[in-house]
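In what follows, a structure is listed as structure tokens, so that the remarks can point back to it.
From a predicted model like this one, the values you see are computed outputs, not experimental measurements. The chains referred to below are lettered A, B, ... by the order of the sequence lines, with proteins before strands, and numbering in each begins at 1.
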Number of protein chains: 2
Amino acid sequence: MNSENATIYDIAADAGVSIATVSRVLRSEPNVSSATREKVMQAIERRNYRPSSIARGLTSKITHSLGIILPKLLNPHYAMIFTGAQEEARKLGYTMSLFPWSSLDTDAYNPAAMLAERRLDGLIVCVEYLPPDHDELVHASLLALRRYMPVVLIGCVPPWYDFPAVSNDNAAMMRQVVAYLNGMGHEKIAFIGGVQEDKDPSRRDVGYEEGLRDAQLPYIASYRVYGKGTAEAGKAALDEMLKGLKREYWPTAVIALNDLVAMGCLEAAREHGLDVPRQLSVIGCDDLFCAPYLSPALTSINTHQQQTGARAVQLLLSGERRRETVAWDLMERASCAPVNTETEE
Amino acid sequence: MNSENATIYDIAADAGVSIATVSRVLRSEPNVSSATREKVMQAIERRNYRPSSIARGLTSKITHSLGIILPKLLNPHYAMIFTGAQEEARKLGYTMSLFPWSSLDTDAYNPAAMLAERRLDGLIVCVEYLPPDHDELVHASLLALRRYMPVVLIGCVPPWYDFPAVSNDNAAMMRQVVAYLNGMGHEKIAFIGGVQEDKDPSRRDVGYEEGLRDAQLPYIASYRVYGKGTAEAGKAALDEMLKGLKREYWPTAVIALNDLVAMGCLEAAREHGLDVPRQLSVIGCDDLFCAPYLSPALTSINTHQQQTGARAVQLLLSGERRRETVAWDLMERASCAPVNTETEE
DNA sequence: GGGTATAATGATAGCGCTTACATCATGCTT
DNA sequence: AAGCATGATGTAAGCGCTATCATTATACCC
């Protein structure tokens, strides 16, 4: 195991050439005679030689390795982003390492030190919804990271950040969702968001408001609550909303920030004896792999996270400094239905 | 962005010492006077200097980076393993990179070349259930990888492989599951496995057989089918089983290889108009995050995958060459219930 | 106080590559 | 046949560290 590997000197000696020549064939430079190239290739083959990316990196300053920062892979949303990014990186000959970190808790473990020592060729940072007062803090962290390597952002990025980024047009997405539900006759449409609001126009909660306006529906504050974006939080949020309203005011549709929250909503609806979708339509976002297997199967938005991850890698490596938007698809399933016009109960 | 970083020479010059001394304080060697150490620390602070792990790796042969090979992160089972491994690695000062590869398709993209160039300090390989004729192939691939770095395996490892490994005692686990169901009165217990059987005694399907024997139940071949371990496959497998049997012979309980398969089973049961758990108990394995949110909530086995990942890292870095087993917990939820003794229909 | 163990520091040789730059055959030009 | 691009190879200087010596300063002993 781990027997000391051959070096470029060994190959040069074996092939009877200088290390510069070996290096040339390794990097497939043009000016090498085919006879020499052949000799070298054979020596490489014979010793099963692989150039050390470490040594290469020291000299050439490029390490062919990227990093990605995200809160947690256990959330399939991030697993999709990671997968998309990782696959794209691999295709381009890059390795991808994970540095878990949530932009929500800026005080916790900070990967900056570890990142600074690794000489990565680039870094992708998944930014979570930020409470208003976190904007500055997170921005400072990002600037610090950028001192060491190029950075591309993914997610809900405050508009004033001067970073290349890939995201969905969340507001437009939510406007479409509201229109979709309204098209089925829903007028009492609730929204269960993530952390508390701020004024970022790219946010989903803002899109929800705009959607109501487009549909000429009143904005009812009680229909809009916030949670932590988890299933438990989603369940608690809907539960509280229902408990706080007389039955006649209960919403007929609820839009969840993401599928985890939607799962919690389904659970809460079940506990309140609400039939989904007959009495309550539920729509999620992210289209997690389990969405079709919930009951009822969850209508959701496929946000093409893998593509988002892949694009981020492309931006990173191309050096283009711009913001991009990825399309989405409404996945119609059983959890949303036209509003029930028969008398309830 | 990416302004050329300070080097050890810059720090040495700033602090008025030699690079050897700077290196000493970096590695917190004892023989440095506190005055000198202080000077150096200040220079480091002032220039915001971080030693290059690349250069370090070249000299010291240790790169503080590990790799992990697994089929796909989109399967939460692997996301859990990765997370456990990654977190443990981070705690120990190591970075973790992902190399996707399934031991099932040995012919597809092979990460060996990329791995050989990276001078990783170790590699974790998640081995999937192997069809009999794959044993040798995969073993050869693993030996090839071990030429470059230490390897620790996770998962269902053929007993004759001479590699350190971490896994569950799958057979014992399945024996317990059969006993659990039998204890609720079930006698017609089906099993939906992964790839076709072989004789590996650590496998879940073998444990299923043993469990039946322990309970003095007959082994009925029609109750045991195989799929690909996905939700779709699970659904198709149960569907076919039911279609192939007269209703009176339908199993009253089904054990799924994992939660994905179990999700498929729930779906199939729904389509066949079977009430779970009144007419059919379903039990999964892995305890995915969505298990409690399925309906009915899925009874499953928590196999502590994160812990498995963490242990693998510990074995890797400690150099211990042995096999380990991780405990599991039965998570009782609503999808399993005592067998229904009333007349059906 | 001369001699010796010990702590503190410096000089320097790699680690395994890439990359100017130098060298040396070739073949073509005129 | 002298002159010169051009192609093919070699030489050697780093890249930013670690690690082994060698060297010097400090302390301690009889």
Worksheet item: Side chains of V313(B) and M96(B): does their closest heavy-atom pair fall under 4.5 Å?
Response: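 Touching, per the 4.5 Å side-chain cut-off.
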Closer than 3.5 angstrom, by distance alone: can the side chain of [X] be matched with the main-chain N or O of [Y] as a donor-acceptor pair?
X      : Y      : result
T36(B) : V32(B) : no
D10(B) : T7(B)  : yes
T21(B) : V17(B) : no
T63(A) : G57(A) : no

Worksheet item: Roughly how far apart are L115(B) CG and I69(B) CD1, rounded to 0.5 Å?
Response: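 Between L115(B) CG and I69(B) CD1, I get 5.0 Å after rounding to 0.5 Å.
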Worksheet item: To the nearest 0.5 Å, what is the distance between NE2 (H139(A)) and CH2 (W160(A))?
Response: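 Answer rounded to 0.5 Å: 4.5 Å.
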Rounded distance (Å) that lies between atom [atom2] of [N] and atom [atom1] of [X]:
X       : N       : atom1 : atom2 : result
K39(A)  : dT9(D)  : NZ    : C1'   : 10 Å
R119(B) : dG16(C) : CZ    : P     : 8 Å
E29(B)  : dA19(D) : CD    : P     : 8 Å
I44(A)  : dG16(C) : CD1   : C1'   : 14 Å
E117(A) : dG16(D) : CD    : P     : 15 Å
R56(A)  : dT19(C) : CZ    : C1'   : 13 Å
L58(A)  : dA13(D) : CG    : P     : 18 Å
R118(A) : dC17(D) : CZ    : P     : 14 Å

Fill in: Nearest heavy atoms of A85(A) and I124(A), plus distance in Å
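For A85(A) and I124(A), the tightest heavy-atom pair comes out as CB-CD1, 4.2 Å.
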Fill in: Nearest-nucleotide pick for I8(B), side chain only, options being dG16(D), dT9(C), dC17(D)
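My answer, after comparing the listed nucleotides, is dC17(D).
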Worksheet item: Taking the side chain of T7(A) as its heavy atoms from C-beta onward, which of dG16(C), dA19(D), dT9(D) lies nearest to it?
Response: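 The nucleotide sitting nearest to the side chain is dG16(C).
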Give each protein N/O atom lying under 3.5 Å from an N/O atom of nucleotides 10-14 of chain C, with the pair distance.
unit_1: dG10(C); atom_1: OP2; unit_2: S18(B); atom_2: N; d: 2.8
unit_1: dG10(C); atom_1: OP2; unit_2: S18(B); atom_2: OG; d: 3.0
unit_1: dG10(C); atom_1: OP2; unit_2: T21(B); atom_2: OG1; d: 2.8
unit_1: dG10(C); atom_1: O6; unit_2: R24(B); atom_2: NH2; d: 2.7
unit_1: dG14(C); atom_1: N2; unit_2: T59(B); atom_2: OG1; d: 3.2

Side-chain N or O of [X] versus OP1/OP2 of [N]: is the shortest distance under 4.0 Å?
X      : N       : answer
S33(A) : dT9(D)  : yes
K61(B) : dT18(D) : no
N31(B) : dA7(C)  : no

Discussion item. Both V22(A) and P30(B) contact DNA chain C. Taking the nearest nucleotide for each, which residue is further toward the 5' end?
Written reply: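 The residue closer to the strand's 5' end, by nearest nucleotide, is P30(B).
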Discussion item. Go nucleotide by nucleotide along DNA chain C from the 5' end; which of T36(B) and S23(A) gets its closest nucleotide reached first?
Written reply: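 Upstream on the strand: T36(B).
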Discussion item. Does R146(B) qualify as a cation-pi partner of F163(B), given the criterion of NZ or CZ under 6.0 Å from the six-membered ring centre and within 45 degrees of its axis?
Written reply: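 Yes, a cation-pi geometry.
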Worksheet entry | Angle by which the axis turns from one end of the helix from dG1(C)-dC30(D) to dT30(C)-dA1(D) to the other, five pairs per end, to 10 degrees |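 Axis angle across the helix from dG1(C)-dC30(D) to dT30(C)-dA1(D), nearest 10°: 50°.
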Worksheet item: Using 30° and 60° as the class limits, which term best fits the ring planes of F289(B) and F289(A): parallel, tilted or perpendicular?
Response: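 Perpendicular, since the angle between the ring planes exceeds 60°.
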